[in-house]
Amino acid sequence: MDTFTFMISVLLMMMAVQFDQNWLIFAIVALTILTMRDLTTTIMLIIATFVLLVGKDLLVDYWPFVLFGLIILSVVLGGKKKEEQPAYPDMFGGGDMGGIGLGGGF
């Protein structure tokens, strides 16, 4: 999960809650889910949306704590990152081409 993108999405949702724009909250969630395509992000955004909509009047003084709690939960649920493939694939399959080689000396 991209924690920075998640944090920005939650901040935008918090702003939308303060201005009482529920349609904007769901638009942010939908766009983030469509662009991230990650199950952990989807679960965390649903949890964050539920927390923000249910507790919008109760959590007015505790917004920073809610944000940090959601970020910590996203890091815990995110787990290890998958190994990324190299940017440029090895054109010769990593072999030595039967001893021919590409270097100088014939």
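Throughout, numbering of the chain's residues begins at 1 and tracks the sequence.
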Which Ile, Leu, Val, Met, Phe, Trp or Tyr residues join Phe68 in one cluster when any pair of side-chain heavy atoms under 4.5 Å counts as a link?
none
CE of Met13 to OG1 of Thr49, rounded to nearest 0.5 Å, is 4.0 Å
Taking Ile8 as the starting point, is it possible to reach Val51 by hopping between hydrophobic residues whose side chains are less than 4.5 Å apart?
yes
Test of understanding: with side-chain hydrogen bond (donor to acceptor under 3.5 Å, both in side chains), list the residues that count as partners of Thr32, not counting sequence neighbours.
Ser9
State which residues pass side chain to side chain contact (heavy atoms under 4.5 Å, CB included) with Ile43; sequence neighbours excluded, sorted by chain then number.
Leu39, Ile47
Restricting to pairs with a member in residues 66-77, which pass salt bridge (Lys or Arg N to Asp or Glu O under 4.0 Å), not counting sequence neighbours?
none
Residues that Met7 engages under side chain to side chain contact (heavy atoms under 4.5 Å, CB included), provided they are two or more places apart:
Phe4, Leu11, Leu67, Ile71
If Ile, Leu, Val, Met, Phe, Trp and Tyr residues are connected whenever their side-chain heavy atoms lie under 4.5 Å apart, and connections chain through other members, are Val17 and Met15 in the same group?
no
Flag the pair Leu45 / Met36 as yes when at least one side-chain heavy-atom distance between them is below 4.5 Å, and no otherwise.
no
Is there a continuous path of hydrophobic side-chain contacts, each under 4.5 Å between heavy atoms, that joins Leu53 to Ile33?
yes
Table please: side-chain donor-acceptor pairs of residues 19-29 below 3.5 Å, with sequence neighbours left out.
residue	atom	partner	partner atom	Å
Asp20	OD1	Lys56	NZ	3.3
Gln21	OE1	Trp23	NE1	2.6

If you link I, L, V, M, F, W and Y whenever their side-chain heavy atoms are under 4.5 Å apart, who else ends up in the same group as Val54?
Phe50
Only counting residues at least two apart or in another chain, list the ones meeting side-chain hydrogen bond (donor to acceptor under 3.5 Å, both in side chains) with Thr5.
Asp2
